[in-house]
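Working notes for the structure below.
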Protein chains: 2
Amino acid sequence: MPSDPVGFEKHDHGACISEAMATAEAHCRAKGLRFTPVRRKALGLLLQAHRAIGAYEMLDRLRDAGFGSQPPVAYRALDFLVANGFAHKIERLNAFIACAHPGASHSPAFMICRICESVAEAHSSPARGALGEAARATGFRIEQTVVEAEGICPACVDKADT
Amino acid sequence: MPSDPVGFEKHDHGACISEAMATAEAHCRAKGLRFTPVRRKALGLLLQAHRAIGAYEMLDRLRDAGFGSQPPVAYRALDFLVANGFAHKIERLNAFIACAHPGASHSPAFMICRICESVAEAHSSPARGALGEAARATGFRIEQTVVEAEGICPACVDKADT
DNA sequence: CAGCACTTGTCATGTTATTTCATTTCTTGT
DNA sequence: ACAAGAAATGAAATAACATGACAAGTGCTG
Ligand SMILES: [Zn+2]
Ligand SMILES: [Zn+2]
Ligand SMILES: [Zn+2]
Ligand SMILES: [Zn+2]
């Protein structure tokens with residue numbers, strides 16, 4: 001259970017991309033999923049961008065890469081990535097981002113900078129805390145959670161303080 | 001189209017509506033806000049429906065009530081209600097719901113039934129828990145949080161179990 | 001009543017997402 | 001190898017959600 005948030009620190013981007021792609025490859029092979037070219041390209045683009053990408057921005061890039069040009073092309077690829085834990089949807093932004101902890105089954109939480117729009121992924125513990133308590137008290141069966149914090153990232157805080 | 005619970009429990013709906021309206025009236029008077037007819041009607045409709053309402057459904061009803069028929073009519077009224085804590089946006093549904101604890105400043109958390117689409121509001125504690133910890137660790141300054149759980153409400157769990 | 005801030009109505013447009021159907025590709029059982 | 005079924009793709013159309021811009025109206029305040 002690493003609770004290390006990912007996203008605001010510098011890192012070896014090339015390595016982080018190839019590692020995530022390799023994880024996805026392995027996971028798909030193990031589960032018999034079809035990691036098709038358009039899906040692979042979509043994940044590559046998300047990893048490359050290293051930020052939240054709207055479906056239509058994704059569509060533009062997929063078209064540029066020679067794939068179809070209609071919205072379902074992007075939505076289907078993104079749905080696949082989200083369904084299999086390689087990416088997440090940021091509801092607040094109506095956008096998608098590559099998972100920072102692929103492979104591990106987890107409940108993500110996101111920190112979204114309203115200045116620079118960077119997004120960091122951390123872990124949440126929906127079952128614990130006030131929400132889990134409310135769910136148990138009422139008999140609500142939680143299947144999935146959206147936890148997104150909006151605010152100011154460390155870099156933008158520094159800029160603002162100057 | 002069931003109109004059911006605040007939480008998921010039964011309650012005196014008439015009383016809950018007039019109480020919330022009175023709270024809003026008082027709050028606006030105290031703060032010098034203009035609780036205009038269209039805003040009042042919008043809040044009344046949210047309270048009446050007692051579930052999450054899309055902006056365009058709101059627009060339909062406002063038009064039926066004699067107000068304007070263009071999207072900004074609904075969005076402006078909803079923006080006012082959200083900005084002043086009388087309503088919340090459910091990001092997961094792109095829809096709006098009357099606040100269950102108006103007046104009190106709070107960080108809401110929602111439980112959304114994926115079967116019947118009912119929504120219950122609870123309190124969340126963003127500063128505590130894994131998210132707050134991650135924010136402190138990275139230096140992220142949280143301003144606002146979205147906490148939404150999707151799952152099955154008590155009533156639908158019962159139905160499913162039969 | 002003049003000036004100002006705020007609100008409303010409307011038109012136009014922009015953005016995000018889904019439905020549908022025909023076709024192709026892959027997988028599986030024979 | 002082949003046929004049948006499942007999964008994925010391409011493309012057209014449409015639905016659903018949201019904002020920008022501008023003119024006109026409303027209610028304060030000096
Ligand atoms: Zn993740
Ligand atoms: Zn930032
Ligand atoms: Zn509330
Ligand atoms: Zn339900």
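All of these numbers come straight from a predicted model, not from anything done at the bench. Every heavy atom of this structure was used, including side-chain atoms; hydrogens, water molecules and symmetry mates were not.
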Shared hydrophobic cluster, B:L131 / A:V157 (ILVMFWY, side-chain heavy atoms < 4.5 Å):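 B:L131 and A:V157: separate clusters.
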Rounded to whole angstroms, how far apart are [atom1] on [X] and [atom2] on [N]?
X     : N      : atom1 : atom2 : value
B:D79 : C:dC6  : CG    : C1'   : 15 Å
A:N84 : D:dA8  : CG    : C1'   : 14 Å
B:L62 : C:dT10 : CG    : C1'   : 15 Å
B:F67 : C:dT7  : CZ    : C1'   : 13 Å
A:R63 : D:dA11 : CZ    : P     : 11 Å
A:L59 : D:dG10 : CG    : C1'   : 12 Å

A:A98 backbone acceptor or donor facing A:H50 side chain under 3.5 Å: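 Answer holds: no.
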B:S107 side chain vs B:S124 backbone, donor-acceptor pair below 3.5 Å: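 No, because the side chain of B:S107 does not come within donor-acceptor range (under 3.5 Å) of the backbone of B:S124.
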Under 3.5 Å, which N/O atoms of the protein pair with N/O atoms of nucleotides 15-17 of chain C?
| residue | atom | partner | partner atom | Å |
| --- | --- | --- | --- | --- |
| C:dA17 | OP1 | A:K89 | NZ | 2.6 |
| C:dA17 | OP2 | A:Y75 | OH | 2.9 |
| C:dA17 | O5' | A:Y75 | OH | 3.3 |
| C:dA17 | N7 | A:Y56 | OH | 2.5 |
| C:dA17 | N6 | A:Y56 | OH | 3.2 |

B/S/- contact track for nucleotides 21-30 of chain C, protein heavy atom under 4.0 Å: -----S----
Residues A:D60 and A:R63 bridged, charged N to O under 4.0 Å: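 Result for this pair is yes, salt bridge flagged.
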Stepwise side-chain contact (heavy atoms from CB on, under 4.5 Å) test for A:V147 and B:T145: CA-CA 7 Å; A:V147 178; B:T145 57; over 6 Å; no
Any side-chain heavy-atom pair of A:M58 and A:F96 under 4.5 Å: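 Side-chain contact under 4.5 Å: no.
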4.5 Å side-chain heavy-atom contact, B:Q48 and B:I17: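 A side-chain contact exists here, since the closest heavy-atom pair is under 4.5 Å.
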Residue met sooner reading DNA chain D from 5', once A:Q70 and A:F80 are mapped to nucleotides: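 First, find each residue's nearest nucleotide; the 5'-ward one identifies A:F80.
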Sugar-phosphate, base or nothing in reach of A:R39, heavy atoms under 4.0 Å: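 A:R39: backbone/sugar contact only, no base atoms under 4.0 Å.
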Side chain to side chain contact (heavy atoms under 4.5 Å, CB included) involving B:E143 - partner list, sequence neighbours excluded: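 By the side chain to side chain contact (heavy atoms under 4.5 Å, CB included) rule, B:E143 matches A:R114, A:I152.
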Under-4.0 Å side-chain N/O to phosphate OP1/OP2 contact, A:S69 with D:dG10: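 Result: no.
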A:C113 to A:C156 - nearest heavy-atom pair and separation: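 Between these two residues, the closest heavy atoms are SG-SG, 3.7 Å.
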Please report, to 0.1 Å, the donor-acceptor pairs under 3.5 Å made by any side chain of residues 19-37 of chain A, with sequence neighbours excluded.
| residue | atom | partner | partner atom | Å |
| --- | --- | --- | --- | --- |
| A:T23 | OG1 | A:E19 | O | 2.9 |
| A:E25 | OE1 | A:R40 | NH1 | 3.0 |
| A:E25 | OE2 | A:R40 | NH1 | 2.0 |

Rounded to 10 degrees, the angle between the two terminal axes of the helix from C:dC1-D:dG30 to C:dT30-D:dA1, each from five pairs: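 Roughly 30° between the end axes, to the nearest 10°.
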Atom pairs and distances, side-chain donor-acceptor, residues 70-93 of chain A, under 3.5 Å, sequence neighbours left out:
| residue | atom | partner | partner atom | Å |
| --- | --- | --- | --- | --- |
| A:N84 | ND2 | A:F80 | O | 2.8 |
| A:H88 | NE2 | A:H106 | NE2 | 3.2 |
| A:H88 | NE2 | A:E121 | OE2 | 3.1 |
| A:E91 | OE2 | B:R92 | NE | 3.4 |
| A:R92 | NH1 | A:E150 | OE1 | 2.9 |
| A:R92 | NH2 | A:E150 | OE1 | 3.0 |

